[in-house]
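Structure first, then comments.
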2 protein chains.
Amino acid sequence: MSAGPLPTIHEVARLAGVSVATVSKTLNRSGKVSELLQARVNAAARKLGYAPHASARSLRSGATRILGLLVADLANPYFLKLVESIEWLSSAAGYSVILCNSAEDPGREERHLAMLLSQRADGVIVIPTRRGWSGRQAALADLPMPGILVDRRIEGLDLDSVTTDNVALGRLAAEHLDDLGHRRIAVIMGSPEHQIARHRLDGLRSGLASRGITLDERLIEKDNFSEAAGHAAAMRLLRHAQRPTAIFATNNHLSLGLLRAIAESGLTIPDDLSVIAVDEPPWAGLVRPGMTIVTQPSEAIAQTTVSTLLSRVSEGRSGVEGEARSIQLQPALVVRGSTAAVRT
Amino acid sequence: MSAGPLPTIHEVARLAGVSVATVSKTLNRSGKVSELLQARVNAAARKLGYAPHASARSLRSGATRILGLLVADLANPYFLKLVESIEWLSSAAGYSVILCNSAEDPGREERHLAMLLSQRADGVIVIPTRRGWSGRQAALADLPMPGILVDRRIEGLDLDSVTTDNVALGRLAAEHLDDLGHRRIAVIMGSPEHQIARHRLDGLRSGLASRGITLDERLIEKDNFSEAAGHAAAMRLLRHAQRPTAIFATNNHLSLGLLRAIAESGLTIPDDLSVIAVDEPPWAGLVRPGMTIVTQPSEAIAQTTVSTLLSRVSEGRSGVEGEARSIQLQPALVVRGSTAAVRT
DNA sequence: TGGTCTTAGTTAAACGTTTTTCTAATGAAG
DNA sequence: CTTCATTAGAAAAACGTTTAACTAAGACCA
């Protein structure tokens, strides 16, 4: 915070003894400029510490090289991983990222979207809030720039999307538990209105069914996605007359609550109970025998998201409409010590 | 992604039957416009779905209403909390945030800084990387917009800063452990070159000293800040001939490693060992008796940061130089079950 | 009545780029 | 020696705002 006003392209041009057009062409490597003048221009620019004015540039050129990243909930470690990767990839591709946290509040989400529109972001990546989309798909559909949904899809909205195959995720858990001989399997599923939770449960159910096992509906705990809810649900399950031999927690918060409940009950994993969770929480190392998990391919999701969006961006706003790509990526099973063969 | 080109202020003006100046004044509530015309303008703007072009606006007005947020390491939960709060407060104040993660890489940090300069952010918030600042303070000092350092300070750089009083933090830990009668106190401090770690250690040492206790230098484990380092250090301490009765881990990653080591050793907290950590990690609930911690006031830090920066912004670039404010906020002790009176 | 003050509104300049159009110079071809 | 392309570079227009400078119309006053 010392220098006065920043140098403009005109001052660079004057110092180099050329026209502003030549400076622009040199700095952008567009058009033909002789070696000699290029050298003079570059020297002048360096000497003055010239930094092109992004607003002026985008006003004229129509591109901002800014991406909007609208996240439903930054506190969710899985979303955070996505944010990290997306920021990394975007900046590698020469784009800056405006971060917006909607904190699961549709109102904030809408305001942020309006801001990104005013900002003329070249593209918008949206991890949408769980609720409040019923009447507001329009806000996204009418966006004049390319947009892409991540992790959660919005029903009835014709937009590119990248998500985990959550049915497959549930099925992976089912197959693993069956392989270990489990029959009394419980699920802490979170909110039954949430599409993702439903898909995971469906996957589990159908996976078990295809092995000839019927999921006991009384062992499905539904509530919300908080740690407290996970804890409460776990407590109910553990007090059950016939305790389940395995529990599937469909989300990070829930599994944290589950683990706390198990610790408080003095039970031992996996001797008394097998546990399988979703995604690698940062504290996975704390669970003694290691956590068996089904993971979403966050890296690949980020990568696909950014490359799909950027390809739409370069297609131009004239990109052929009505053929939204909806990409599903496959989860993976990571077996560690928290699941074991059922005691006979 | 449906509508064609976005409407400009001219089209709003034409539809409302007024001049563009009148539209501008109405929308910005600057200058005098009659009720009648205001109504016509607002109606026209709404009808067309007009969203002012931020680049054009800032080109002319000189302000972008964008803040740059340069974070040393997004994966650090404490920094993440700061990011969340800062984004929240900024957006409440009408500013958008460009998020940059330097991932502790000075090179990335420098490139991001250049980008924020080009972007003409109105202000820049920097949580600087640990290393690589020796020769590069210039990059920050020469920034033509207000900047502010958070969490870490850079020696010899005359810039506003908001940090935790880390000496006080160490002292809090010292007093608590002394109150419980601990004498053999170990520290897992991370890198000794890191100012923050040094301050915390200094605080612990001086706190103990003022109670007449000398910190055993052989129980100070120095390495880096990774979980692995924390684990290794803990293992060494636990194997010590005379095991310490309490361990102070100065950072989130380190305490995670420490807890893992304790779990693997089959020791019980706090019966065999008291543990005190810094900051509330998301998995604090997993530790059975609850974690005793010294917390940094992340909310207050974010608040102070944003308000200080924004006041600098409104002071204008002519803000009186050379009187950088360096603000220190006080940590707090949260006593839970992981510390207990030493066994006699 | 004629002059001066306000006031609501318009006109036009300016912000710093990119890009289209134009110019002058060089060289090749006839 | 013309004529015609080709080329490197310059001049100028344009992007969409804000804002300074201007104008016309009342209102007020002597």
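Chain A is the first sequence line, chain B the second, and so forth, proteins listed ahead of strands; every chain is numbered from 1.
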DNA chain C nearest-nucleotide lookup for Val33(B) and Arg120(B): closer to the 5′ end is Val33(B)
note: His10(A), atom NE2; dC15(C), atom C1'; distance rounded to Å ~ 11 Å
To the nearest angstrom, the CG-P distance between Leu27(A) and dT17(C) comes to 10 Å
Hey, is the side chain of Thr8(B) poking within less than 4.0 Å of OP1 or OP2 on dG16(D), counting only N and O atoms? no
Rounded to whole Å, the CD-P distance (Gln119(A) to dG16(D)) equals 16 Å
* Please state whether the phosphate of dT17(C), meaning OP1 or OP2, lies under 4.0 angstrom from any side-chain nitrogen or oxygen of Ser61(A). => no
- Between Glu87(B) and Arg108(A), does at least one N-O distance fall below 4.0 Å, as a salt bridge requires? yes
- Task: Using a heavy-atom cut-off of under 4.0 Å over every strand shown, decide if Thr22(B) touches base, sugar-phosphate, or nothing.
- Result: base
Heavy-atom donor-acceptor pair, Arg57(B) side-chain to dT17(D) base, under 3.5 Å: no
Evaluate Glu315(A) against Arg325(A) for salt bridge (charged side-chain N to carboxylate O under 4.0 Å, His left out), listing each step before the verdict. CA-CA 14 Å; Glu315(A) 276 170 21; Arg325(A) 293 173 237 176; 3.3 Å; yes
By side chain to side chain contact (heavy atoms under 4.5 Å, CB included), Ala103(B) pairs with (sequence neighbours left out) Trp88(A), Asn101(B)
Leu59(A) CG to dA14(C) P, in whole Å, measures 17 Å
Lys25(A) NZ to dT17(C) P, in whole Å, measures 16 Å
Nearest-nucleotide check on DNA chain D, Ser55(B) vs Ser30(B); residue mapping nearer the 5' end is Ser55(B)
Just checking Ser24(B): base, sugar-phosphate only, or nothing, at a heavy-atom cut-off of under 4.0 Å? base
When rounded to whole Å, the CG to P distance for the pair Leu37(A) and dA25(C) reads 16 Å
Legend entry - Distance-only donor-acceptor test (3.5 Å): side chain Lys32(A), base dT6(D): no
*Full working for salt bridge (charged side-chain N to carboxylate O under 4.0 Å, His left out) between Glu104(B) and Arg152(B)*: CA-CA 13 Å; Glu104(B) 296 288 3; Arg152(B) 304 169 178 171; 3.1 Å; yes
Closest to the side chain of Val20(A), out of dA12(D), dT17(D), dT10(C), is dA12(D)
In whole angstroms, the gap separating P of dT7(C) from CG of Leu36(B) amounts to 19 Å
Asn28(A) has its side chain closest, among dT18(C), dT17(C), dT19(D), to dT18(C)
Taken to the nearest 0.5 Å, the spacing of Leu116(B) CG from Asp122(B) CG works out to 11.5 Å
Between CZ of Arg65(B) and C1' of dT18(D) the distance, given in whole Å, is 15 Å
Quiz item: At under 4.0 Å, does any side-chain N or O of Ser34(B) touch on OP1 or OP2 of dG9(C)?
Solution: yes
